[in-house]
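Comments concern the structure below.
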Amino acid sequence: MSGLLGASEIREIAERIGVKPTKKLGQNFVVDANTCRRIVKAAEVNETDVALEIGPGLGSLTLAMLEVAKSVVAIEIDNRLADELPETAMRHGFSADKLTVVTQDAMEVSSLSIDPTVLVANLPYNVSVPVLLRFLEKFPTLRAGVVMVQSEVADRLIAKPNSKTYGSPSVKANWWADMSSAGTVSRSIFWPVPNVDSSLVRFIRHQPAGDEALRKATFRIIDAAFAQRRKMLRAALSDLCGGSALASAVITAAGIDPTIRGEALELGDFIKIATTLNK
Ligand code: SAM
């Protein structure tokens, strides 16, 4: 059998292996081959890539990745799905050597036997942001990727300062990469049909602005600023700096007005505050 998975085969496999999609694991499977090819194309996967997939499920996207990548590494928490994936790939004519399946919670994966170069994933929605940030941090060889997430989360990942959706995910993701929209996806291409809209986010890694110590310090400032996003920056950073007066002094020394809110700051401003605080 060649080609990608279709809707009836997906249901047939799920039934055979006893998988009833659960909300808890964000199991909404893509049943449309064209969408899978579109996602892989948007990620610009090529024949030299080791493509990483988080949550391959029944393999819809995995097969589209196997069509173009040198190899695919897929991390799946549900062992019934993980066990079936190599069978599905082989039935569709792909060599077993091209696919490595890791049966694990992606939030616990810190290393892989092969260095992935591109990430393509329809992420489990309940953990999409922490999973994405984790993989950007732990796998510096990932140069780019496309992830499918809930539209509301996509808006947050690509948001710019002074918008309602701008927050900690926007700034933290921007530490690692340039994030942009790669379009929306119709609800009708999923089984089961979810009750939220989905969108694609593309990322391209850039040089980080500093080392791990600076990143951690910057992320602490970001967390504090957005934990109390309605407050002025000097109040939001008060605990971190040892009082409001000290916070004011640090923020001013970084060249920033301490009476503005965190949501007005760009990543570069958070870095300036972290650098000043560290001195
Ligand atoms: N990629 C498939 C597709 O597009 O049809 C499935 C995507 S589905 C939205 C999310 C998948 O992630 C499910 O297969 C689910 O079992 C898996 N999953 C959920 N939580 C996970 C975790 N923490 N680590 C790894 N996989 C996870």
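We count residues from 1, following the sequence as given.
The two residues Ser151 and Ser199 make their nearest non-hydrogen contact at OG-OG, 2.8 Å. The two residues Ala43 and Val120 come nearest to each other via the heavy atoms CB-CG2, 3.8 Å.
Around atom CG of Asn278, more than 12 heavy atoms belonging to other residues, nucleotides or ligands sit under 6.0 Å away. Within a 6.0 Å sphere centred on CD of Glu15, other residues, nucleotides and ligands contribute 12 heavy atoms or fewer. Within 6.0 Å of NZ on Lys231 lie no more than 12 heavy atoms contributed by other residues, nucleotides or ligands.
Within the 3.5 Å criterion, the main-chain N or O of Leu265 finds a donor-acceptor partner in the side chain of Tyr166. Side-chain N or O atoms of Ser163 include none that pairs as donor or acceptor with a backbone N or O of Ala159 at under 3.5 Å. Here the side chain of Ser244 pairs no donor or acceptor atom with the backbone of Ala235 at under 3.5 angstrom. Counting only distance, with no hydrogens or angles, the side chain of Glu76 and the backbone of Gly57 share a donor-acceptor pair below 3.5 Å. A donor-acceptor pair is defined here as one N or O able to donate and one able to accept, closer than 3.5 Å; no such pair exists between the side chain of Ser238 and the backbone of Arg234. For Arg202 (side chain) and Met179 (main-chain N/O), no donor-acceptor pair under 3.5 Å exists by modelled atom type. Listed for the Asp115 side chain is no donor-acceptor partner under 3.5 Å among the backbone atoms of Thr141. The closest donor-acceptor contact from the side chain of Asn122 to the backbone of Gly55 lies at 3.5 Å or more, if one exists at all. For Asn34 (side chain) and Arg37 (main-chain N/O), no donor-acceptor pair under 3.5 Å exists by modelled atom type. Put simply, the side chain of Asp49 never gets that close to the backbone of Ala51: no donor and acceptor are under 3.5 Å apart.
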| said: Could you walk me through whether Glu67 and His92 satisfy the side-chain hydrogen bond (donor to acceptor under 3.5 Å, both in side chains) test, starting with their C-alpha distance in whole Å, then the side-chain angles of each, then the deciding distance to 0.1 Å, before giving a yes or no? | reply: CA-CA 10 Å; Glu67 278 189 332; His92 279 258; over 6 Å; no

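Cluster partners of Leu246: none. The rule joins Ile, Leu, Val, Met, Phe, Trp and Tyr whenever side-chain heavy atoms lie under 4.5 Å apart, and it links nothing here.
Applying the ring-ring contact (aromatic ring centres under 6.0 Å, His included) test to Phe270 and every residue at least two apart in sequence or in another chain returns Phe226. Remark: Arg230 pairs with Arg261, Glu263 by the side-chain contact (heavy atoms from CB on, under 4.5 Å) rule, at least two apart or across chains.
Under 3.5 Å, the side chains of Ser168 and Arg156 contain no donor-acceptor pair of N or O atoms.
Criterion: ILVMFWY side-chain heavy atoms under 4.5 Å apart, direct or through other members. Under it, Leu99 and Leu63 are part of a common hydrophobic cluster. No continuous path of hydrophobic side-chain contacts links Leu81 to Val127 [ILVMFWY only; heavy atoms under 4.5 Å].
A salt bridge between Arg143 and Glu44 is absent, with no side-chain N of the basic residue lying under 4.0 Å from a carboxylate O of the acidic one. Residues Lys160 and Glu266 are not paired through a salt bridge, judged by the lack of any N-O separation under 4.0 Å between the basic side chain and the carboxylate.
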